[in-house]
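This report concerns only the one structure given below.
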2 protein chains.
Amino acid sequence: MSSSVTDQTGGTDRGDDRADRAGSRREQILREAARLFASRGFHGVGVDEIGAAVGISGPGLYRHFPGKDAMLAELLVGISGRLLAEGRRRRAAAGDAGDTLDSLVRGHIDFALDDRPLITLHDRELDRLRDSDRKLVRQLQRQYVELWVEVVREVHPHVAEAQARAAVHAVFGLLNSTPHSAVPRGGAVPDRTAMADLLHRLALGAFSAVGGE
Amino acid sequence: MSSSVTDQTGGTDRGDDRADRAGSRREQILREAARLFASRGFHGVGVDEIGAAVGISGPGLYRHFPGKDAMLAELLVGISGRLLAEGRRRRAAAGDAGDTLDSLVRGHIDFALDDRPLITLHDRELDRLRDSDRKLVRQLQRQYVELWVEVVREVHPHVAEAQARAAVHAVFGLLNSTPHSAVPRGGAVPDRTAMADLLHRLALGAFSAVGGE
DNA sequence: GCGAGGTGTTAGTGGTCGTTAACGTCCGTT
DNA sequence: AACGGACGTTAACGACCACTAACACCTCGC
(Lines give C-alpha, C1' and ligand atoms only; values in the text may rest on other atoms or scores of the structure.)
Protein backbone atom coordinates (compact mmCIF):
# COMPACT_ATOMS: atom_id res chain seq x y z
CA MET A 1 0.00 0.00 0.00
CA SER A 2 2.78 2.40 0.91
CA SER A 3 4.43 3.98 -2.10
CA SER A 4 8.01 3.84 -0.90
CA VAL A 5 10.18 1.41 -2.77
CA THR A 6 11.56 -0.46 0.19
CA ASP A 7 8.07 -0.62 1.66
CA GLN A 8 9.21 -0.67 5.23
CA THR A 9 6.70 -1.15 7.94
CA GLY A 10 6.59 1.75 10.34
CA GLY A 11 7.19 5.45 10.32
CA THR A 12 5.27 8.46 9.18
CA ASP A 13 5.74 7.47 5.55
CA ARG A 14 4.94 10.58 3.59
CA GLY A 15 2.45 13.14 4.85
CA ASP A 16 -0.31 12.31 2.43
CA ASP A 17 -2.15 15.59 2.47
CA ARG A 18 0.62 17.60 4.17
CA ALA A 19 -0.39 20.62 6.21
CA ASP A 20 -2.62 18.45 8.37
CA ARG A 21 -5.00 20.35 10.59
CA ALA A 22 -5.02 19.71 14.31
CA GLY A 23 -5.50 16.06 15.23
CA SER A 24 -4.95 15.03 11.67
CA ARG A 25 -5.05 11.28 11.94
CA ARG A 26 -7.91 11.15 14.40
CA GLU A 27 -9.99 13.55 12.36
CA GLN A 28 -9.19 11.69 9.18
CA ILE A 29 -10.22 8.39 10.72
CA LEU A 30 -13.44 9.87 12.05
CA ARG A 31 -14.28 11.35 8.67
CA GLU A 32 -13.78 8.08 6.82
CA ALA A 33 -15.52 6.06 9.50
CA ALA A 34 -18.54 8.35 9.28
CA ARG A 35 -18.67 7.95 5.53
CA LEU A 36 -18.43 4.17 5.73
CA PHE A 37 -20.87 3.79 8.61
CA ALA A 38 -23.40 5.94 6.80
CA SER A 39 -23.21 4.01 3.57
CA ARG A 40 -23.06 0.46 4.85
CA GLY A 41 -24.16 0.58 8.45
CA PHE A 42 -22.12 0.26 11.61
CA HIS A 43 -22.14 -3.51 11.65
CA GLY A 44 -21.56 -3.69 7.92
CA VAL A 45 -18.14 -2.05 8.09
CA GLY A 46 -15.03 -3.80 9.39
CA VAL A 47 -12.12 -2.16 11.12
CA ASP A 48 -9.82 -3.32 8.32
CA GLU A 49 -11.93 -1.31 5.92
CA ILE A 50 -11.77 1.83 8.01
CA GLY A 51 -8.02 1.41 8.33
CA ALA A 52 -7.62 0.93 4.60
CA ALA A 53 -9.59 4.12 3.96
CA VAL A 54 -6.95 6.14 5.80
CA GLY A 55 -3.95 4.20 4.54
CA ILE A 56 -3.19 2.12 7.59
CA SER A 57 -4.30 -1.39 8.13
CA GLY A 58 -6.77 -2.80 10.63
CA PRO A 59 -5.52 -2.86 14.19
CA GLY A 60 -3.49 0.30 13.70
CA LEU A 61 -6.70 2.15 14.54
CA TYR A 62 -6.36 1.04 18.14
CA ARG A 63 -3.51 3.51 18.58
CA HIS A 64 -6.11 6.27 18.21
CA PHE A 65 -9.33 4.80 19.57
CA PRO A 66 -10.03 2.21 22.25
CA GLY A 67 -12.44 0.40 19.95
CA LYS A 68 -14.86 0.58 17.06
CA ASP A 69 -17.71 1.64 19.34
CA ALA A 70 -15.70 4.63 20.51
CA MET A 71 -15.51 6.01 16.98
CA LEU A 72 -19.26 5.88 16.58
CA ALA A 73 -19.76 7.37 20.01
CA GLU A 74 -17.46 10.28 19.31
CA LEU A 75 -19.16 10.93 15.99
CA LEU A 76 -22.66 10.96 17.43
CA VAL A 77 -21.84 12.94 20.55
CA GLY A 78 -19.96 15.40 18.38
CA ILE A 79 -22.70 16.08 15.88
CA SER A 80 -25.40 16.24 18.55
CA GLY A 81 -23.40 18.66 20.60
CA ARG A 82 -22.52 20.86 17.66
CA LEU A 83 -26.14 21.00 16.51
CA LEU A 84 -27.27 22.07 19.96
CA ALA A 85 -24.48 24.61 20.43
CA GLU A 86 -25.08 26.19 17.06
CA GLY A 87 -28.82 26.25 17.68
CA ARG A 88 -28.36 28.06 20.98
CA ARG A 89 -25.91 30.47 19.42
CA ARG A 90 -28.39 31.33 16.71
CA ARG A 91 -31.27 31.85 19.08
CA ALA A 92 -29.14 34.19 21.14
CA ALA A 93 -28.05 36.13 18.04
CA ALA A 94 -31.39 36.41 16.25
CA GLY A 95 -34.08 39.03 16.69
CA ASP A 96 -37.74 38.13 16.98
CA ALA A 97 -39.12 34.60 16.95
CA GLY A 98 -39.65 34.58 13.21
CA ASP A 99 -36.03 35.48 12.56
CA THR A 100 -34.92 32.86 15.08
CA LEU A 101 -36.85 30.08 13.37
CA ASP A 102 -35.47 31.25 10.05
CA SER A 103 -31.95 31.09 11.40
CA LEU A 104 -32.45 27.68 13.00
CA VAL A 105 -33.64 26.31 9.68
CA ARG A 106 -30.65 27.74 7.85
CA GLY A 107 -28.25 26.37 10.44
CA HIS A 108 -29.70 22.90 10.28
CA ILE A 109 -29.56 22.96 6.50
CA ASP A 110 -25.86 23.79 6.68
CA PHE A 111 -25.29 20.70 8.77
CA ALA A 112 -27.44 18.53 6.52
CA LEU A 113 -25.61 19.64 3.38
CA ASP A 114 -22.08 19.72 4.77
CA ASP A 115 -22.12 16.68 7.03
CA ARG A 116 -24.40 14.26 5.27
CA PRO A 117 -22.85 11.10 6.70
CA LEU A 118 -23.11 12.41 10.23
CA ILE A 119 -26.71 13.46 9.77
CA THR A 120 -27.47 9.99 8.48
CA LEU A 121 -25.78 8.28 11.41
CA HIS A 122 -27.38 10.64 13.82
CA ASP A 123 -30.79 9.01 13.69
CA ARG A 124 -29.82 5.62 12.35
CA GLU A 125 -27.13 4.06 14.53
CA LEU A 126 -28.01 5.51 17.88
CA ASP A 127 -28.93 2.11 19.30
CA ARG A 128 -25.44 0.76 18.72
CA LEU A 129 -24.02 2.92 21.51
CA ARG A 130 -23.16 2.00 25.07
CA ASP A 131 -25.87 2.97 27.52
CA SER A 132 -24.08 6.00 28.89
CA ASP A 133 -23.21 7.40 25.46
CA ARG A 134 -26.70 6.77 24.14
CA LYS A 135 -28.16 8.57 27.10
CA LEU A 136 -25.91 11.55 26.48
CA VAL A 137 -26.72 11.74 22.79
CA ARG A 138 -30.41 11.43 23.45
CA GLN A 139 -30.22 14.20 26.00
CA LEU A 140 -28.47 16.51 23.53
CA GLN A 141 -30.98 15.63 20.83
CA ARG A 142 -33.89 16.26 23.16
CA GLN A 143 -32.56 19.66 24.18
CA TYR A 144 -32.14 20.56 20.53
CA VAL A 145 -35.70 19.52 19.77
CA GLU A 146 -37.05 21.45 22.74
CA LEU A 147 -35.19 24.52 21.57
CA TRP A 148 -36.99 24.30 18.25
CA VAL A 149 -40.33 23.56 19.90
CA GLU A 150 -40.07 26.72 21.99
CA VAL A 151 -39.33 28.86 18.98
CA VAL A 152 -42.08 27.28 16.89
CA ARG A 153 -44.58 27.96 19.64
CA GLU A 154 -43.49 31.57 19.84
CA VAL A 155 -44.14 31.96 16.14
CA HIS A 156 -47.38 29.96 16.29
CA PRO A 157 -48.70 30.44 19.84
CA HIS A 158 -51.95 28.57 19.28
CA VAL A 159 -50.20 25.26 18.52
CA ALA A 160 -50.20 22.61 21.25
CA GLU A 161 -46.87 21.34 22.50
CA ALA A 162 -47.30 17.78 21.24
CA GLN A 163 -48.25 19.06 17.79
CA ALA A 164 -45.28 21.38 17.70
CA ARG A 165 -42.90 18.61 18.71
CA ALA A 166 -44.24 16.25 16.07
CA ALA A 167 -43.96 19.01 13.50
CA VAL A 168 -40.35 19.67 14.48
CA HIS A 169 -39.50 15.99 14.08
CA ALA A 170 -41.22 15.98 10.71
CA VAL A 171 -39.31 19.03 9.51
CA PHE A 172 -36.07 17.41 10.66
CA GLY A 173 -36.99 14.48 8.43
CA LEU A 174 -37.54 16.92 5.60
CA LEU A 175 -34.26 18.74 6.10
CA ASN A 176 -32.30 15.51 6.57
CA SER A 177 -33.65 14.09 3.32
CA THR A 178 -30.70 15.28 1.24
CA PRO A 179 -28.63 12.12 1.68
CA HIS A 180 -31.40 10.17 -0.05
CA SER A 181 -31.94 12.54 -2.92
CA ALA A 182 -28.45 12.34 -4.41
CA VAL A 183 -27.78 11.06 -7.90
CA PRO A 184 -31.26 11.14 -9.41
CA ARG A 185 -30.77 10.70 -13.14
CA GLY A 186 -28.51 12.27 -15.72
CA GLY A 187 -27.11 14.65 -13.15
CA ALA A 188 -29.80 17.29 -12.95
CA VAL A 189 -29.48 17.84 -9.24
CA PRO A 190 -29.77 21.36 -7.83
CA ASP A 191 -26.49 22.84 -6.67
CA ARG A 192 -25.81 23.61 -3.05
CA THR A 193 -27.28 27.08 -2.81
CA ALA A 194 -30.37 26.15 -4.83
CA MET A 195 -30.89 23.10 -2.64
CA ALA A 196 -30.46 25.12 0.53
CA ASP A 197 -32.93 27.67 -0.69
CA LEU A 198 -35.46 25.04 -1.66
CA LEU A 199 -35.21 23.24 1.68
CA HIS A 200 -35.57 26.53 3.48
CA ARG A 201 -38.77 27.36 1.65
CA LEU A 202 -40.19 23.87 2.16
CA ALA A 203 -39.46 23.88 5.88
CA LEU A 204 -41.01 27.28 6.48
CA GLY A 205 -43.94 26.31 4.30
CA ALA A 206 -44.51 23.26 6.44
CA PHE A 207 -44.31 25.22 9.68
CA SER A 208 -46.70 27.83 8.38
CA ALA A 209 -49.28 25.07 7.86
CA VAL A 210 -48.88 23.57 11.30
CA GLY A 211 -51.64 25.55 12.95
CA GLY A 212 -54.80 23.98 11.49
CA GLU A 213 -56.68 25.17 8.42
CA MET B 1 -39.95 -21.92 25.23
CA SER B 2 -42.89 -24.05 24.22
CA SER B 3 -45.56 -24.14 26.85
CA SER B 4 -46.49 -27.81 26.57
CA VAL B 5 -45.40 -29.87 29.52
CA THR B 6 -43.65 -32.62 27.59
CA ASP B 7 -41.99 -30.03 25.39
CA GLN B 8 -41.63 -32.34 22.42
CA THR B 9 -39.66 -31.19 19.46
CA GLY B 10 -41.73 -31.04 16.32
CA GLY B 11 -45.31 -30.49 15.40
CA THR B 12 -47.57 -27.52 15.10
CA ASP B 13 -47.62 -27.06 18.86
CA ARG B 14 -50.54 -24.78 19.57
CA GLY B 15 -51.67 -22.13 17.15
CA ASP B 16 -50.53 -19.17 19.14
CA ASP B 17 -52.81 -16.55 17.68
CA ARG B 18 -55.31 -19.01 16.18
CA ALA B 19 -57.29 -17.93 13.13
CA ASP B 20 -54.06 -17.24 11.25
CA ARG B 21 -54.47 -15.37 8.06
CA ALA B 22 -53.18 -16.72 4.79
CA GLY B 23 -49.52 -17.77 4.83
CA SER B 24 -49.48 -17.51 8.58
CA ARG B 25 -45.95 -18.55 9.39
CA ARG B 26 -44.29 -16.78 6.49
CA GLU B 27 -46.18 -13.57 7.16
CA GLN B 28 -45.46 -13.81 10.85
CA ILE B 29 -41.76 -14.28 10.20
CA LEU B 30 -41.68 -11.35 7.80
CA ARG B 31 -43.47 -9.13 10.29
CA GLU B 32 -41.06 -9.90 13.10
CA ALA B 33 -38.02 -9.72 10.86
CA ALA B 34 -39.11 -6.28 9.67
CA ARG B 35 -39.51 -5.10 13.24
CA LEU B 36 -36.11 -6.42 14.28
CA PHE B 37 -34.28 -5.20 11.17
CA ALA B 38 -35.75 -1.75 11.63
CA SER B 39 -34.77 -1.46 15.25
CA ARG B 40 -31.29 -2.97 15.22
CA GLY B 41 -30.23 -3.05 11.59
CA PHE B 42 -29.97 -5.97 9.19
CA HIS B 43 -26.51 -7.01 10.32
CA GLY B 44 -27.38 -6.44 13.95
CA VAL B 45 -30.03 -9.15 14.06
CA GLY B 46 -29.24 -12.85 14.10
CA VAL B 47 -31.38 -15.60 12.66
CA ASP B 48 -31.75 -17.12 16.10
CA GLU B 49 -33.34 -13.89 17.23
CA ILE B 50 -35.82 -13.83 14.38
CA GLY B 51 -36.68 -17.44 15.06
CA ALA B 52 -37.19 -16.78 18.74
CA ALA B 53 -39.55 -13.91 17.91
CA VAL B 54 -41.93 -16.33 16.18
CA GLY B 55 -41.51 -19.18 18.65
CA ILE B 56 -39.18 -21.40 16.65
CA SER B 57 -35.49 -21.57 16.99
CA GLY B 58 -32.79 -20.53 14.58
CA PRO B 59 -32.40 -22.72 11.56
CA GLY B 60 -36.10 -23.56 11.45
CA LEU B 61 -36.47 -20.39 9.40
CA TYR B 62 -34.75 -22.11 6.49
CA ARG B 63 -37.90 -24.17 5.93
CA HIS B 64 -39.59 -20.95 4.86
CA PHE B 65 -36.84 -18.83 3.33
CA PRO B 66 -33.64 -19.72 1.51
CA GLY B 67 -31.66 -17.30 3.66
CA LYS B 68 -31.62 -14.15 5.72
CA ASP B 69 -31.10 -12.00 2.62
CA ALA B 70 -34.25 -13.38 1.08
CA MET B 71 -36.36 -12.07 3.95
CA LEU B 72 -35.02 -8.55 3.52
CA ALA B 73 -35.46 -8.75 -0.23
CA GLU B 74 -39.07 -9.85 0.05
CA LEU B 75 -39.79 -7.08 2.54
CA LEU B 76 -38.28 -4.33 0.42
CA VAL B 77 -39.70 -5.48 -2.89
CA GLY B 78 -43.07 -5.87 -1.21
CA ILE B 79 -43.27 -2.40 0.29
CA SER B 80 -41.90 -0.74 -2.83
CA GLY B 81 -44.38 -2.52 -5.04
CA ARG B 82 -47.32 -1.79 -2.78
CA LEU B 83 -46.42 1.89 -2.55
CA LEU B 84 -46.26 2.17 -6.33
CA ALA B 85 -49.45 0.17 -6.91
CA GLU B 86 -51.41 2.19 -4.39
CA GLY B 87 -50.04 5.42 -5.81
CA ARG B 88 -51.14 4.49 -9.32
CA ARG B 89 -54.54 3.40 -8.07
CA ARG B 90 -55.03 6.72 -6.35
CA ARG B 91 -53.99 8.77 -9.34
CA ALA B 92 -56.44 6.84 -11.51
CA ALA B 93 -59.24 7.30 -8.97
CA ALA B 94 -58.73 10.97 -8.14
CA GLY B 95 -60.08 14.01 -9.91
CA ASP B 96 -57.94 17.03 -10.72
CA ALA B 97 -54.25 17.33 -9.92
CA GLY B 98 -54.87 18.95 -6.55
CA ASP B 99 -57.08 16.08 -5.43
CA THR B 100 -54.53 13.58 -6.74
CA LEU B 101 -51.71 15.11 -4.73
CA ASP B 102 -53.96 15.18 -1.71
CA SER B 103 -54.74 11.51 -2.14
CA LEU B 104 -51.11 10.56 -2.69
CA VAL B 105 -50.16 12.27 0.53
CA ARG B 106 -52.92 10.49 2.45
CA GLY B 107 -51.94 7.15 0.99
CA HIS B 108 -48.28 7.58 1.88
CA ILE B 109 -49.22 8.61 5.40
CA ASP B 110 -51.21 5.41 5.78
CA PHE B 111 -48.13 3.40 4.90
CA ALA B 112 -45.91 5.44 7.18
CA LEU B 113 -48.22 5.05 10.15
CA ASP B 114 -49.22 1.42 9.61
CA ASP B 115 -45.94 -0.08 8.43
CA ARG B 116 -43.32 1.90 10.29
CA PRO B 117 -40.66 -0.81 10.28
CA LEU B 118 -41.01 -1.31 6.54
CA ILE B 119 -40.81 2.41 5.84
CA THR B 120 -37.67 2.54 7.92
CA LEU B 121 -36.06 -0.37 6.12
CA HIS B 122 -37.13 1.01 2.80
CA ASP B 123 -34.50 3.70 2.68
CA ARG B 124 -32.02 2.31 5.16
CA GLU B 125 -31.08 -1.25 4.23
CA LEU B 126 -31.34 -1.08 0.48
CA ASP B 127 -27.63 -1.62 0.00
CA ARG B 128 -27.73 -5.00 1.72
CA LEU B 129 -29.60 -6.56 -1.22
CA ARG B 130 -28.29 -8.69 -4.03
CA ASP B 131 -27.68 -6.71 -7.19
CA SER B 132 -30.79 -7.91 -8.99
CA ASP B 133 -33.09 -7.26 -6.05
CA ARG B 134 -31.60 -3.86 -5.40
CA LYS B 135 -32.09 -2.93 -9.02
CA LEU B 136 -35.72 -3.98 -8.86
CA VAL B 137 -36.41 -2.05 -5.66
CA ARG B 138 -34.70 1.04 -7.01
CA GLN B 139 -36.75 0.87 -10.17
CA LEU B 140 -39.99 0.65 -8.21
CA GLN B 141 -38.91 3.53 -5.98
CA ARG B 142 -37.98 5.63 -8.98
CA GLN B 143 -41.31 5.05 -10.66
CA TYR B 144 -43.07 6.02 -7.45
CA VAL B 145 -41.05 9.22 -7.20
CA GLU B 146 -41.70 10.08 -10.83
CA LEU B 147 -45.41 9.58 -10.29
CA TRP B 148 -45.30 12.17 -7.53
CA VAL B 149 -43.13 14.51 -9.57
CA GLU B 150 -45.63 14.52 -12.41
CA VAL B 151 -48.50 15.33 -10.11
CA VAL B 152 -46.56 18.03 -8.28
CA ARG B 153 -45.72 19.68 -11.59
CA GLU B 154 -49.35 19.61 -12.62
CA VAL B 155 -50.28 21.44 -9.44
CA HIS B 156 -47.28 23.82 -9.68
CA PRO B 157 -46.51 24.06 -13.41
CA HIS B 158 -43.79 26.68 -13.04
CA VAL B 159 -41.56 24.40 -10.95
CA ALA B 160 -38.55 22.87 -12.68
CA GLU B 161 -38.29 19.10 -12.73
CA ALA B 162 -35.16 18.91 -10.59
CA GLN B 163 -36.72 21.15 -7.96
CA ALA B 164 -39.89 19.10 -7.94
CA ARG B 165 -37.96 15.87 -7.52
CA ALA B 166 -35.93 17.25 -4.65
CA ALA B 167 -39.11 18.54 -3.04
CA VAL B 168 -40.74 15.12 -3.36
CA HIS B 169 -37.76 13.46 -1.69
CA ALA B 170 -37.89 16.05 1.06
CA VAL B 171 -41.59 15.51 1.67
CA PHE B 172 -40.99 11.76 1.79
CA GLY B 173 -38.50 12.47 4.53
CA LEU B 174 -41.12 14.52 6.31
CA LEU B 175 -43.81 11.86 6.02
CA ASN B 176 -41.45 9.05 6.97
CA SER B 177 -40.39 10.87 10.12
CA THR B 178 -42.98 9.15 12.31
CA PRO B 179 -40.72 6.27 13.33
CA HIS B 180 -38.37 8.77 14.95
CA SER B 181 -40.99 10.79 16.75
CA ALA B 182 -42.34 8.01 18.97
CA VAL B 183 -42.17 8.15 22.74
CA PRO B 184 -41.29 11.79 23.35
CA ARG B 185 -41.88 12.32 27.06
CA GLY B 186 -44.63 11.51 29.48
CA GLY B 187 -46.74 10.09 26.68
CA ALA B 188 -48.17 13.19 25.08
CA VAL B 189 -48.00 11.90 21.53
CA PRO B 190 -50.80 12.72 19.11
CA ASP B 191 -53.07 9.78 18.32
CA ARG B 192 -53.18 8.26 14.86
CA THR B 193 -55.79 10.49 13.27
CA ALA B 194 -54.32 13.65 14.75
CA MET B 195 -50.87 12.65 13.54
CA ALA B 196 -52.17 11.81 10.07
CA ASP B 197 -53.93 15.16 9.89
CA LEU B 198 -50.84 17.04 11.03
CA LEU B 199 -48.57 15.30 8.55
CA HIS B 200 -51.06 15.98 5.79
CA ARG B 201 -51.11 19.69 6.53
CA LEU B 202 -47.32 19.87 6.82
CA ALA B 203 -46.77 18.07 3.51
CA LEU B 204 -49.21 20.24 1.59
CA GLY B 205 -47.80 23.32 3.27
CA ALA B 206 -44.34 22.36 2.09
CA PHE B 207 -45.49 21.72 -1.46
CA SER B 208 -47.33 25.02 -1.59
CA ALA B 209 -44.02 26.76 -0.81
CA VAL B 210 -42.04 24.95 -3.46
CA GLY B 211 -42.52 27.55 -6.17
CA GLY B 212 -40.38 30.49 -5.08
CA GLU B 213 -41.42 33.22 -2.66
C1' DG C 1 -52.29 -48.35 8.74
C1' DC C 2 -48.77 -46.07 6.26
C1' DG C 3 -45.49 -43.74 3.41
C1' DA C 4 -44.78 -38.71 2.01
C1' DG C 5 -44.13 -34.22 2.82
C1' DG C 6 -44.16 -30.32 5.69
C1' DT C 7 -42.14 -28.40 9.78
C1' DG C 8 -39.53 -28.61 13.63
C1' DT C 9 -35.16 -29.90 16.51
C1' DT C 10 -29.95 -30.08 17.91
C1' DA C 11 -25.04 -30.40 16.59
C1' DG C 12 -21.53 -28.94 13.80
C1' DT C 13 -18.82 -26.17 10.27
C1' DG C 14 -16.55 -22.58 7.85
C1' DG C 15 -15.89 -17.84 7.70
C1' DT C 16 -15.80 -13.20 9.45
C1' DC C 17 -14.70 -9.84 12.72
C1' DG C 18 -13.16 -7.14 16.84
C1' DT C 19 -9.50 -7.18 19.71
C1' DT C 20 -4.94 -8.33 21.75
C1' DA C 21 0.05 -9.61 21.55
C1' DA C 22 4.53 -9.10 20.13
C1' DC C 23 7.44 -6.74 17.50
C1' DG C 24 9.71 -2.85 14.51
C1' DT C 25 10.77 1.92 12.87
C1' DC C 26 11.15 6.79 13.21
C1' DC C 27 11.66 11.20 15.71
C1' DG C 28 12.62 14.53 19.37
C1' DT C 29 14.98 15.03 23.69
C1' DT C 30 18.84 14.72 26.74
C1' DA D 1 24.72 8.50 20.75
C1' DA D 2 21.36 6.26 23.56
C1' DC D 3 16.33 6.35 24.60
C1' DG D 4 11.45 6.69 25.19
C1' DG D 5 7.24 7.29 23.09
C1' DA D 6 4.23 7.73 19.07
C1' DC D 7 2.68 5.07 15.40
C1' DG D 8 2.70 1.18 12.48
C1' DT D 9 3.05 -3.79 11.22
C1' DT D 10 1.67 -9.08 11.12
C1' DA D 11 -0.08 -13.17 13.62
C1' DA D 12 -3.25 -15.23 16.40
C1' DC D 13 -7.31 -15.83 19.36
C1' DG D 14 -12.05 -16.12 20.75
C1' DA D 15 -16.72 -15.02 19.83
C1' DC D 16 -20.33 -14.82 16.84
C1' DC D 17 -23.04 -16.05 13.00
C1' DA D 18 -25.26 -17.79 8.68
C1' DC D 19 -25.97 -21.95 7.06
C1' DT D 20 -25.98 -27.28 6.53
C1' DA D 21 -26.60 -32.07 8.11
C1' DA D 22 -28.92 -35.51 10.31
C1' DC D 23 -32.75 -36.74 12.68
C1' DA D 24 -37.85 -36.59 14.69
C1' DC D 25 -42.81 -35.63 14.88
C1' DC D 26 -47.34 -34.60 13.10
C1' DT D 27 -50.81 -34.64 9.57
C1' DC D 28 -52.61 -35.94 5.45
C1' DG D 29 -54.41 -38.89 1.25
C1' DC D 30 -54.48 -43.57 -0.22
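Lettering follows sequence order; numbering is per chain, from 1. The model shown is predicted, which means the values in this text are computed figures rather than measured ones.
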Partner residues of Ser103(B) under the side-chain contact (heavy atoms from CB on, under 4.5 Å) criterion, sequence neighbours left out: Arg90(B)
Check side-chain contact (heavy atoms from CB on, under 4.5 Å) between Ala167(B) and all other residues, then give those that pass, not counting sequence neighbours. Leu202(A), Phe207(B), Val210(B)
Presence of Arg25(A) side-chain N/O under 4.0 Å of dG8(D) phosphate oxygens OP1/OP2: yes
Nearest-Å distance for atom pair [atom1]/[atom2], residues [X] and [N]:
| X | N | atom1 | atom2 | answer |
| --- | --- | --- | --- | --- |
| Ile56(A) | dG24(C) | CD1 | C1' | 16 Å |
| Arg128(B) | dA18(D) | CZ | C1' | 17 Å |
| Phe37(A) | dG18(C) | CZ | P | 9 Å |
| Asp69(B) | dC17(D) | CG | P | 16 Å |
| Ile50(B) | dG8(C) | CD1 | P | 15 Å |
| Arg130(A) | dG18(C) | CZ | P | 17 Å |
| Phe42(B) | dC17(D) | CZ | C1' | 12 Å |

Taking salt bridge (Lys or Arg N to Asp or Glu O under 4.0 Å) as the cut-off, I'd like each qualifying pair that reaches into residues 59-80 of chain B, sequence neighbours left out, listed once. Arg26(B)-Glu74(B)
With no hydrogens and no angle check, do the side chains of Arg31(A) and Gln28(A) hold a donor and an acceptor under 3.5 Å apart? no
Under a 3.5 Å cutoff, is there a donor and acceptor pairing between the side chains of His122(A) and Asp115(A)? no
Please determine if [X] and [Y] form a salt bridge, counting it only when a charged side-chain N lies under 4.0 Å from a carboxylate O.
| X | Y | value |
| --- | --- | --- |
| Arg142(B) | Glu146(B) | no |
| Glu86(B) | Arg82(B) | no |
| Arg192(A) | Asp110(A) | yes |

Using a 4.0 Å cut-off on heavy atoms, which residues in residues 58-66 of chain A reach DNA chain C? List them by number, or say none. Pro59(A), Tyr62(A), Arg63(A)
Mind checking what makes salt bridge (Lys or Arg N to Asp or Glu O under 4.0 Å) contact with Asp131(B), not counting sequence neighbours? Arg134(B)
Enumerate the protein-to-nucleotides 15-17 of chain C contacts in which both atoms are nitrogen or oxygen and the separation is below 3.5 Å.
none

